[in-house]
Student: 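Here's a structure for you.
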Amino acid sequence: FPSHDIERWTFSSISEMEPTMKKSELREITKLAVMHKLGMADTVARGLSALIRAAMTKRSREALMEYADIFGVRNHPEFVI
């Protein structure tokens with residue numbers, strides 16, 4: 001992901017940079033970015049782990065794991081895969 005500036009993320013900018021993910025996953029990532037900005041790390045961790053468990057392709061799972069790193073929730077206790 002080229003920019004870690006979460007404040008500038010929008011659905012269109014995320015979808016242009018992540019062609020490996022489905023539209024529904026991209027929409028959820030956009031919502032999770034807002035939650036992260038609001039300091040809701042536990043909700044972000046739960047949401048991302050649910051998306052990863054539900055991902056249909058390996059490429060999609062890998063992209064979602066990158067977002068877990070970007071949001072800093074990979075080691076969060078609520079992040080359960």
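All values reported here derive from a predicted model rather than from experimental measurement.
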Student: Starting at CE of Met65, measure out to CG of Leu51 and round the result to the nearest 0.5 Å.
Tutor: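 Going from CE on Met65 over to CG on Leu51, the span is 12.5 Å.
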
Student: Please give me the minimum heavy-atom distance between Ile52 and Arg61, naming the atom from each residue.
Tutor: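 Looks like O-CG, 3.6 Å.
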
Student: Report yes or no: does His76 contribute a side-chain atom to a donor-acceptor pair with the main-chain N or O of Ala45 at less than 3.5 Å?
Tutor: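 Checking the backbone N and O of Ala45 against the side chain of His76, no donor-acceptor pair under 3.5 Å is found.
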
Student: Which heavy-atom pair separates Val44 from Phe71 by the least distance, and what is that distance?
Tutor: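 Val44 and Phe71 have their closest heavy atoms at CG1-CD1, 3.7 Å.
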
Student: Determine whether the side chains of Ser60 and Glu25 contain a donor N or O and an acceptor N or O closer than 3.5 Å.
Tutor: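 Ser60 vs Glu25: donor-acceptor pair found between side chains.
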
Student: Do Lys22 and Met56 touch side chain to side chain, with heavy atoms closer than 4.5 Å?
Tutor: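 They are in side-chain contact.
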
Student: Taking the side chain as every heavy atom from C-beta outward, state whether Thr43 and Arg46 have any atom pair closer than 4.5 Å.
Tutor: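 Heavy-atom side-chain distance check passes, below 4.5 Å.
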
Student: Which residues pass the side-chain hydrogen bond (donor to acceptor under 3.5 Å, both in side chains) test with Asp69, sequence neighbours left out?
Tutor: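 Asp69 satisfies side-chain hydrogen bond (donor to acceptor under 3.5 Å, both in side chains) with Arg74 once adjacent residues are dropped.
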
Student: Measure the CZ-CD1 distance between Arg27 and Ile29 for me, rounded to the nearest 0.5 Å.
Tutor: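 Rounded to the nearest 0.5 Å, the CZ-CD1 separation comes to 12.0 Å.
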
Student: Please answer: with hydrophobic residues joined when any side-chain heavy atoms are less than 4.5 Å apart, are Val80 and Val73 in the same cluster?
Tutor: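 In one cluster with Val80: Val73, no.
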
Student: Do Tyr67 and Leu32 make a side-chain contact, defined as non-hydrogen atoms from C-beta onward lying under 4.5 Å apart?
Tutor: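 The answer is no, as the side chains (C-beta and beyond) never meet within the 4.5 Å cut-off.
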
Student: Decide side chain to side chain contact (heavy atoms under 4.5 Å, CB included) for Lys31 and Glu28; before the verdict, give the C-alpha distance in whole Å, the side-chain angles of both, and the deciding distance to 0.1 Å.
Tutor: CA-CA 5 Å; Lys31 292 176 189 176; Glu28 293 302 317; 3.4 Å; yes

Student: Rounded to the nearest 0.5 Å, how far apart are CZ of Arg53 and CG of Leu64?
Tutor: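 That separation rounds to 12.0 Å.
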
Student: I need the Leu48 CG to Glu78 CD distance, nearest 0.5 Å.
Tutor: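 Going from CG on Leu48 over to CD on Glu78, the span is 13.0 Å.
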
